[in-house]
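Written out below as structure tokens is the structure these notes cover.
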Amino acid sequence: MAPEPDPNDPLGLGKLLGPDVMNQLQRLLSWSGGPVNWDLATDVARSALDADDVEVTTAQAREVADAGRLADVWLDPLTTLPAAGGETQAWTRRAWLTTTLPAWKTLVDPVAARVTAALGSAVEQGLTSEALPPELRGLLSGPNPFAGVMQQVGGVVFGAQVGQALGALGADVLASTEVGIPLGPSALLPANVAAFAEGLEVPLEEVRLYLALREAAHQRLFAHVPWLQAHLYDAVDAYGRGIEVDPGTLERAIGSLDLNDPSAAQEALSSGLFEIAPTQAQEAALERLETALALVEGWVDVLVDAAAGGRLPHAGALRETVRRRRASGGPAEQTFATLVGLQLRPRRLREAAALWARITEEQGLEARDALWAHPDLLPTSAHLDDPASWGATSAEPGTGDWDAALRDLDADLDGHPDEPGPSGT
């Protein structure tokens, strides 16, 4: 399990800052590599992970690779999407951090940049130097001092938050794709899988194979649906573009800083500074993201259930356990909630799974998988509200002939823009 954060050190900076807060803070503020101090984030995450991390044994690596190969054999007849290729790797927690860090940078940097810009805008609207503690006033210089300080302070705060979140996530995450977005190649974390299996009363090898099935299904989808990763990342970016910061909240948070008291300073930075109410644009982006995540998780759920049912004795119990873990708020949700309030919960996983099962039964797996050819072909949040509406909608003239829609789409992609696309445009 991930360690609980120290209430007296909410950003995990106690060891890094030490008693000489001002000198250490000035060192951290020297970061100029972007909106997140990734050096700090990496140090904080590694500090959290290294204490309990263990090396992967040769036997564990072989077991994970074998589970991945068997998973692909079981999935092959259940989907038109071929195996992603490559061996399923066995990672330590630190290897997970190192391998997935580029993806986290791609996800977090745009949101952090928008927060920093919003802070600068809030500063221009009403924050004066008198609102700052005397120690911070000395850091202000240049024609636009507030903007520089906000960028530097934001880099430190985000770096600490990201590092602490990734440290907690790395202690719990089971596979490369468990968070619902592609972070790296196919992999399981044997230490975390073993810890997950402890309280389930299910043999470890069965848990490992079930998770390998989920990982293999995710990897197939992300490997052969080229627009999907960008679609998910764009939704996160759209969420970031909608961020706004209230100048009054900012002034109260910064005005309460006491840099001679590390715990008080960290508490102020970790609470008031980044308490951001979601805007209407953010709520729309979040709905788009949650719908896409639910469709991904629902498709994987249906595939894995078909592959594991009748083969794994505890498949039903494992399915329910994983569903609850993903839908009710697991480590992925905690990570993004810690960052900027963005959650990666596929809240509607059950509805999406029921809809994919219905489509499979009524139209077959080929028609089901063909819907991933373009985002316009996929079910919408309205279909998740009422799965029965999918059949009613698809029966209407012009909307139910998916073969024709796909032919139109293929023609459009081949350079025939005059022919109608899947949306009739």
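Only a predicted model underlies this, so the values are computations on that prediction, with no experimental measurement involved. Computed from heavy atoms alone, side chains included, the values below leave out hydrogens, waters and symmetry copies.
Proximity of a side-chain donor or acceptor of Ser47 to a complementary backbone N or O of Asp43 within less than 3.5 Å is not detected. At least one donor-acceptor pair closer than 3.5 Å links the side chain of Glu215 to the backbone N or O of Thr177. Side-chain N or O atoms of Arg220 include one that pairs as donor or acceptor with a backbone N or O of Leu81 at under 3.5 Å. When atom types are taken as modelled, the side chain of Ser381 and the backbone of Thr291 share no donor-acceptor pair closer than 3.5 angstrom. No side-chain donor-acceptor contact under 3.5 Å links Glu206 to the backbone of Pro203. Checked by atom type and distance alone, the side chain of Asp369 never pairs as donor or acceptor with a backbone atom of Thr79 at under 3.5 Å. Formation of a donor-acceptor pair under 3.5 Å by the Thr88 side chain with backbone atoms of Val64 is not found in this model. Between the side chain of Asp72 and the backbone N or O of Ala83 there is no donor-acceptor pair closer than 3.5 Å. A distance-only check finds a donor-acceptor pair linking the side chain of Trp227 to the backbone of Trp372 [under 3.5 Å]. Although no hydrogens or angles enter the test, the distance criterion places a donor-acceptor pair under 3.5 Å between the side chain of Asn192 and the main chain of Gly170.
Ion pairing between a basic and an acidic side chain is recognised when a charged N comes within 4.0 Å of a carboxylate O; Asp305 and Arg319 show such pairing.
Because its NZ or CZ atom is both nearer than 6.0 Å to the ring centre of Trp74 and within 45° of the ring axis, Arg311 counts as a cation-pi partner of that residue.
Atom CG of residue Asp52 and atom CG of residue Leu49 lie 9.0 Å apart, to the nearest 0.5 angstrom.
Taking each heavy atom of Ala217 and Val300 in turn, the nearest pair found is CB-CG1, 4.0 Å.
In this structure the side chain of Ser176 never reaches within 4.5 angstrom of the side chain of Thr99, judged on heavy atoms.
A side-chain N or O of Trp38 and one of Asp109 form a donor-acceptor pair less than 3.5 Å apart.
Annotation: salt bridge (charged side-chain N to carboxylate O under 4.0 Å, His left out) contacts involving residues 59-70, sequence neighbours excluded, comprise Glu63-Arg208, Asp66-Arg69, Arg69-Glu87.
Partner of Glu297 under the side chain to side chain donor-acceptor pair (under 3.5 Å) criterion, chosen from His218, Arg350, Arg348: His218.
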